[in-house]
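Below is one structure, written out as structure tokens; the observations come after it.
FYI, side chains are in, hydrogens and waters are out, and symmetry mates aren't considered; it's all heavy atoms of this structure.
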Amino acid sequence: MKADLFKEAQELTSSDADRARRALFAICEASCPQRVMIERDAVEYIPVLFEAGLSVTTLITPEIFFSLGRIHTQALWGWKDAQLHTSPEHRSKYDEMVAWETSVAAAYERYLPAVVALVERGEEVRDRCAGVYLLSQMKEHRNDLVGFLRSQFDDSLDARLKVDIIEALANLGFGTGPMDEVGQAVHQWVRGKLSDPSPAIRLGALLSLSPRVDDDQRKSLKRDIVQTFTAGRAVVNEAVWLLEGSIAWAIRREISD
């Protein structure tokens with residue numbers, strides 16, 4: 001790790017939240033300049049970010065986990081997909097980058113048990129929500145995480161955590177295209193939350209479903225969003241998956257498979 005970034009890494013757990021955020025920005029910019037393309041050496045920053053995010057002294061765990069989720073999404077699995085869709089005689093030219101992607105995935109997998117433990121037993125609800133968001137990006141573990149997150153939803157009494165779990169399950173479970181058995185089950189589960197007695201849960205489910213259905217269904221859901229917005233927005237606005245967005249953004253967003 002570069003000397004200047006080693007200092008920034010130490011600042012991630014600073015008691016000064018603004019200083020910690022500046023350090024996070026510096027590390028993320030080194031890993032993915034202007035959020036355009038992941039650098040090859042980003043893999044060495046991943047453990048640093050995980051260690052800081054999991055530390056009990058860290059004040060910015062949601063921001064750190066949100067950044068880790070973004071890095072994961074941008075880093076995986078574009079090269080592997082390109083290799084699978086090229087002719088066999090040309091696949092070897094992707095070997096080096098696929099190996100790099102595999103090393104990135106391994107870095108995340110190493111910390112998966114710790115993130116799961118945080119979601120289960122973390123002292124701060126917002127940190128638990130951050131863990132849920134990060135798990136939602138790790139689609140290679142989809143089949144294991146879907147059952148785990150559903151059990152956490154059932155065990156939790158906090159609407160904030162439940163809202164993040166709904167979006168996490170939607171992200172892991174299904175998109176706008178054909179659904180497999182797991183996707184169908186998750187889709188049905190999320191739809192079931194539209195009749196939840198909590199307006200925050202209903203609004204969260206509406207926002208999670210809306211970009212993942214066809215245009216006709218989306219129009220109907222938007223009408224329901226308007227009716228639920230006032231009562232549910234205070235809780236939903238605290239969702240970690242909306243850390244860099246808003247309810248208005250969530251209504252407008254487009255999701256493709």
Among pairs that include at least one residue of residues 127-148, which meet ring-ring contact (aromatic ring centres under 6.0 Å, His included), considering only residues two or more places apart or in two chains?
F66-Y133
When hydrophobic residues are tied together by side-chain contacts of less than 4.5 Å, even through go-betweens, does V240 share a cluster with W249?
yes
Ignoring hydrogens and angles, tell me if any N or O in the side chain of S156 forms a donor-acceptor pair with the backbone of Q152 under 3.5 Å.
no
Within the structure provided, determine whether L12 and T58 are in side-chain contact (heavy-atom separation under 4.5 Å).
no
With a sphere of 6.0 Å drawn around CD of Q188, does it hold more than 12 non-hydrogen atoms of other residues, nucleotides or ligands?
no
A side-chain contact here means heavy atoms from C-beta on lying under 4.5 Å apart; do L221 and R218 qualify?
no
Give me each pair satisfying side-chain hydrogen bond (donor to acceptor under 3.5 Å, both in side chains) with a member in residues 192-209, each pair once, sequence neighbours excluded.
E167-S208
Pair L172, L149 - check side-chain contact (heavy atoms from CB on, under 4.5 Å), show working.
CA-CA 10 Å; L172 288 168; L149 290 171; 3.7 Å; yes
Scan residues 97-108 for pairs that pass salt bridge (charged side-chain N to carboxylate O under 4.0 Å, His left out), counting only residues two or more places apart or in two chains.
none
Any I71 side-chain heavy atom under 4.5 Å of Y45 side chain
no
Exam field: side chain H187 to backbone G183, donor-acceptor pair closer than 3.5 Å:
no
Would D214 and Q217 count as having a side-chain donor-acceptor pair, cut-off 3.5 Å?
yes
Sub-3.5 Å donor-acceptor pair from the side chain of S55 to the main-chain atoms of A52, do we have one?
no
Please collect all side-chain hydrogen bond (donor to acceptor under 3.5 Å, both in side chains) contacts where either partner lies in residues 86-97, sequence neighbours excluded, each pair once.
R40-E96, Q83-D95, S87-E89
If you define the side chain from C-beta out and look only at heavy atoms, does anything of M138 sit under 4.5 Å from H72?
yes
Are any non-hydrogen side-chain atoms of W241 and L207 less than 4.5 angstrom apart?
yes
Taking T13 for its side chain and T57 for its backbone only, find out whether a donor-acceptor pair lies under 3.5 Å.
no
Output side-chain donor-acceptor pairs under 3.5 Å for residues 117-129, partner residues at least two apart or in another chain, one line each.
{"residue": "R126", "atom": "NH1", "partner": "E238", "partner atom": "O", "Å": "2.5"}
{"residue": "R128", "atom": "NE", "partner": "V119", "partner atom": "O", "Å": "2.6"}
{"residue": "R128", "atom": "NH2", "partner": "V119", "partner atom": "O", "Å": "3.0"}

pair I64-F50: side-chain heavy atoms closer than 4.5 Å
no
Taking K162 for its side chain and I201 for its backbone only, find out whether a donor-acceptor pair lies under 3.5 Å.
no
Please answer whether the main-chain N or O of L206 pairs with a side-chain N or O of S210 as donor and acceptor at a distance below 3.5 Å.
no
Is there any salt bridge (charged side-chain N to carboxylate O under 4.0 Å, His left out) pair reaching into residues 135-144, and which pairs are they, with sequence neighbours excluded?
R142-D180
Indicate yes or no: at least one non-hydrogen side-chain atom of L112 is less than 4.5 angstrom from one of L135.
yes
I want to check something: taking the side chain as every heavy atom from C-beta on, are Y108 and L68 in contact at a cut-off of under 4.5 Å?
yes
